[in-house]
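Single-structure report; data block below.
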2 protein chains.
Amino acid sequence: MTEPRIDPLRLQAYFALMEVSGLLRHGIEQQLREAGDLSTVQFQLLATLGDAPQGSSRMTDLADGVVYSRSGLTYQAGLLEQRGLVMRRPSPDDERSTVVTITEAGSALLEQVFPGHLEVLDRVLFAPLTEAQVASLADALGAARDHMRATPPRSAAPRRRRSAEPSAD
Amino acid sequence: MTEPRIDPLRLQAYFALMEVSGLLRHGIEQQLREAGDLSTVQFQLLATLGDAPQGSSRMTDLADGVVYSRSGLTYQAGLLEQRGLVMRRPSPDDERSTVVTITEAGSALLEQVFPGHLEVLDRVLFAPLTEAQVASLADALGAARDHMRATPPRSAAPRRRRSAEPSAD
DNA sequence: TATTGTTATACTCTATAACTATA
DNA sequence: TATAGTTATAGAGTATAACAATA
């Protein structure tokens with residue numbers, strides 16, 4: 001029942017992270033909704049595609065970074081496609097894969113939304129921070145992100161079905 | 001149409017923040033669900049109460065930090081109360097207010113869940129970070145949080161109805 | 001009249017499992 | 001058989017607006 005190794009600094013960082021990300025997400029959600037009728041997830045998908053080599057990505061790769069489950073991505077991609085912001089078509093290399101590509105309309109919307117997005121970001125998140133703090137933030141969070149990306153989510157793998165369950169037929 | 005003031009460092013910090021908080025929330029969600037059948041929000045509510053002066057807080061104050069809308073908090077508080085983890089009763093000072101208090105069962109559950117929670121935290125978030133990085137994180141995020149708390153969410157105030165809309169009856 | 005909290009309702013989003021098609 | 005993606009479905013969570021009660 002002893003709990004000696006609760007590092008106050010970590011707790012502090014953790015709670016601050018959760019509160020900041022929550023409030024930030026909330027503030028951002030409003031701006032994105034008003035400026036482009038986008039949810040945060042949809043914006044992240046568009047932004048990820050906008051940053052990708054040919055504005056394209058496989059569904060699975062997209063799901064890795066932004067969304068949790070595949071069906072969730074299919075849902076969101078469907079919404080974006082309906083609005084003409086992305087295109088989906090089968091990969092030439094592997095007929096099983098679907099390549100998602102941001103359209104011109106998608107890029108345009110991204111550009112339309114971006115300035116206000118940055119403005120909110122500056123006002124809500126970065127305003128009180130020094131350059132050094134911003135740098136520290138980018139450094140530490142970048143390291144954490146790389147680590148998380150590399151870590152296999154040991155329970156309930158998102159993209160790989162455990163082969164331990166034989167079909168038992 | 002020029003966008004010269006996109007500070008790459010801030011963008012980097014921002015995207016990392018969103019990805020880290022998203023993945024962290026996801027990982028935490030699983031642990032909390034398994035260890036105590038709690039959602040992240042419910043855990044945050046309990047943790048906030050556990051940290052409060054008498055394990056108590058007004059609904060409105062609770063909503064401020066953790067949840068977004070009042071009805072959302074009422075919903076969550078109802079769930080927690082059903083499970084006997086919190087108690088609600090009218091404030092002695094102000095009959096309009098409701099004071100939420102964490103129960104012994106609530107504290108017990110918190111303690112039950114906490115070790116595993118910290119373990120996940122260390123493994124997923126803090127493992128790759130140096131002490132200096134953790135300190136920087138706590139510092140910068142703490143500053144951001146204080147700023148966000150102090151900032152009136154200028155559009156669609158969460159707790160105050162704009163008086164600009166006359167009942168027009 | 002303003003504030004606190006609840007309720008009713010509608011909607012968005014997410015996850016699970018079953019399914020199809022290709023490698 | 002394993003992988004990529006979709007679909008159907010069910011469930012949780014959130015916000016909005018209307019409401020009741022107290023200051």
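Proteins get letters first, then strands, A, B, ... in listed order; numbering begins at 1 in each.
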Looking at [Y], is its backbone amide N or carbonyl O close enough to the side chain of [X] to form a donor-acceptor pair, meaning the two atoms are under 3.5 Å apart?
X: A:His117; Y: A:Gln112; result: no
X: A:Thr103; Y: A:Gly84; result: yes
X: A:Ser71; Y: A:Ser69; result: no
X: A:Gln31; Y: A:Leu118; result: no

Pairwise side-chain contact, A:Met59 with A:Thr74, heavy-atom cut-off 4.5 Å (strictly under):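 A side-chain contact under 4.5 Å exists here.
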Nearest whole Å is fine: how far is [N] [atom2] from [X] [atom1]?
X: B:Leu79; N: D:dT14; atom1: CG; atom2: C1'; answer: 13 Å
X: B:Phe43; N: D:dA12; atom1: CZ; atom2: C1'; answer: 20 Å
X: A:Glu29; N: D:dG13; atom1: CD; atom2: P; answer: 17 Å
X: A:Tyr75; N: C:dC11; atom1: OH; atom2: P; answer: 12 Å
X: A:Gln82; N: D:dT6; atom1: CD; atom2: P; answer: 13 Å
X: A:Arg58; N: C:dA23; atom1: CZ; atom2: C1'; answer: 12 Å

Heavy-atom nearest nucleotide on DNA chain C for A:Ser71 versus A:Asp94: which residue maps closer to 5'?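 Nearer the 5' end of the strand: A:Ser71.
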A:Arg33 or B:Thr74: which one's nearest nucleotide on DNA chain C is closer to the 5' end?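 Its nearest nucleotide being more 5', the pick is B:Thr74.
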Can you find an N or O donor on one side and an acceptor on the other, under 3.5 Å apart, linking the side chain of [X] with the base of [N]?
X: A:Thr98; N: D:dT6; result: no
X: A:Ser97; N: D:dA4; result: no
X: B:Ser69; N: D:dT16; result: no

Is any side-chain nitrogen or oxygen of [X] closer than 4.0 Å to OP1 or OP2 of [N]?
X: B:His26; N: C:dT14; answer: no
X: B:Gln76; N: D:dA12; answer: no
X: A:Arg70; N: D:dT6; answer: no
X: B:Arg88; N: C:dT6; answer: yes
X: B:Ser91; N: C:dT4; answer: no

